[in-house]
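A quick write-up on the structure given underneath.
Proteins get letters first, then strands, A, B, ... in listed order; numbering begins at 1 in each. Heavy atoms only: backbone and side chains are in, while hydrogens, waters and symmetry mates are out. A quick note: this is a predicted structure, and the numbers were derived from the prediction, not measured.
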2 protein chains.
Amino acid sequence: MGISDRKEREKQEMKKLIIDAALRMFVEDGYEKTSIRNIADRIEYSPGTIYLYYKDKDELLYAVQKEAFSKMLETFQREATSRSPWKRLEQIAYSYVNFGIKHPDLYDLMFIIRAPMNTAEEKGDWDNGDACFNYLTDTIGECMEKGLLRYSDPRVAALSIWSMGHGLVSLQVRCRFKVMQLSDDQVSNMIHLSIKEFLRTIKA
Amino acid sequence: MGISDRKEREKQEMKKLIIDAALRMFVEDGYEKTSIRNIADRIEYSPGTIYLYYKDKDELLYAVQKEAFSKMLETFQREATSRSPWKRLEQIAYSYVNFGIKHPDLYDLMFIIRAPMNTAEEKGDWDNGDACFNYLTDTIGECMEKGLLRYSDPRVAALSIWSMGHGLVSLQVRCRFKVMQLSDDQVSNMIHLSIKEFLRTIKA
DNA sequence: CAAATATACTGAACGGTGTTCAGAAAATCC
DNA sequence: GGATTTTCTGAACACCGTTCAGTATATTTG
């Protein structure tokens, strides 16, 4: 049945066409400001068509999230490759924060937006999200085996390190550091100083 | 002119009536899900009336934010009163995180929602927000004077400590810790362990 | 190849949103 | 008590996510 193969292929192509447009528009204008109608316009289909491929706008978000996490994982695999677990942990930290600062709208979709796991319980797969998380936990595991971290529980270590990174990025992305009345360069500098300092303090 | 005094008073009462309803509904249902029409219904006025007192929905958010920051400041003033700067810093940290966990929707309005300073440049007053921030920076200042902190720059210290607290709360509020596959109690425990550990490591 | 069936797509319609504004209602002034 | 100012209303506008009867296209059948 070559004909149904082609149909399946066309269906996947259509899904990709939609999600590519959605990703571009989410990043350009943000999730909330991007409407199904706009996406439909961009790919020159009617709004209803999108619902033949994705159940609702949330499912579009999940798909884009998946792409974003895949992108982040690639970044880790490119930038955090040191054989030394401790050095790799440092690389991951900087990689993570730089990713967030460089792609604030992607970061928004991945870690700030209210949507995925707060309602959808079973959606807890978090597709490529856990792969990124594992990249961190594996490295932390190695560090702890070699006694390079001042933590006693690797889960607490992971939670702490992630929180510090996320705190820095998300306060920056949401412009909350404005209260400090510093220039953009100064804030950027201090974010990196914060990571540096934090890494120093958690090192055994 | 007693009559215009009364008018002014009535105007302020009306503003309070609106903002009280808005606060309650923002906390109950969240900012996005609360509509101007719903608020109008609740206070038994027409939707248009609200626009006579607040320019748009964002201005309602600013007003509610102001109340929320005032509430947080009160919490600090109640829970972080130690004469010892270091102990006070610890109290602030726990106070902050507990506030966020206890009032996730308020915390959302204050630190996560996209709205205030990203567009409104001059709104950078952040009314009572800076008062909360000052409560932190003042304490950090005292700590550093007495050489109780391992940081060399008090601004980096403030940025780091705030980021850690915010990271913990906001990842929890947005359910991102679900990827760790822990029970609610375990997460809650580890959040507190994280603060404890963090405070230990930054202490001189 | 033509008719019948199955698939893909459309776009109007539904109930919602924030916001505006002409006009009605109420309060104040003279 | 009539004119004027202030306050309030609610229909209207342009959007939103989502649904679904109906049309257009493609495939299968006779």
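- One interatomic measurement links the two molecules: CE of A:M14 to P of C:dA8, which rounds to 10 Å at whole-angstrom precision.
- The nearest whole Å value for the distance from the NZ atom in A:K57 to the P atom in C:dT17 is 16 Å.
- Partner B:Q12 forms a side-chain hydrogen bond (donor to acceptor under 3.5 Å, both in side chains) with one of B:R9, B:K16, B:E8 and no other, that one being B:E8.
- Heavy-atom distances to DNA chain C give each of A:K11 and B:P47 a nearest nucleotide, and the one nearer the 5′ end belongs to A:K11.
- One can place CG of B:L61 at 13 Å from P of C:dG18, the figure rounded to the nearest angstrom.
- The residue A:T49 sits close to a base: some heavy atom pair falls under 4.0 Å.
- Side-chain rings of B:F111 and B:Y96 approach one another, their centers coming within less than 6.0 Å.
- The nearest whole Å value for the distance from the CD1 atom in B:I36 to the P atom in C:dC21 is 16 Å.
- Taking 4.0 angstrom as the limit, B:N38 places none of its side-chain polar atoms (N or O) nearer than this to OP1 or OP2 of C:dG16.
- A distance-only check finds no donor-acceptor pair linking the side chain of B:R42 to the backbone of B:R24 [under 3.5 Å].
- The interatomic distance linking A:Y53 (OH) with D:dT18 (P) rounds to 18 Å, in whole Å.
- Atom-to-atom, CD of B:E32 to C1' of D:dC16 comes out at 12 Å; the value is rounded to the nearest Å.
- Proximity of A:S35 to the phosphate of D:dC16: a side-chain N or O atom is located under 4.0 Å from OP1 or OP2.
- Comparing B:K7 and B:K55, the nucleotide of DNA chain C nearest to each residue sits closer to the 5' end for B:K55.
- Residue B:D58 contributes atom CG, which lies 17 Å from atom P of C:dT17 at whole-angstrom precision.
- Enclosure of atom NZ in A:K71 is not indicated, since only 12 or fewer non-hydrogen atoms of other residues, nucleotides or ligands lie within 6.0 angstrom.
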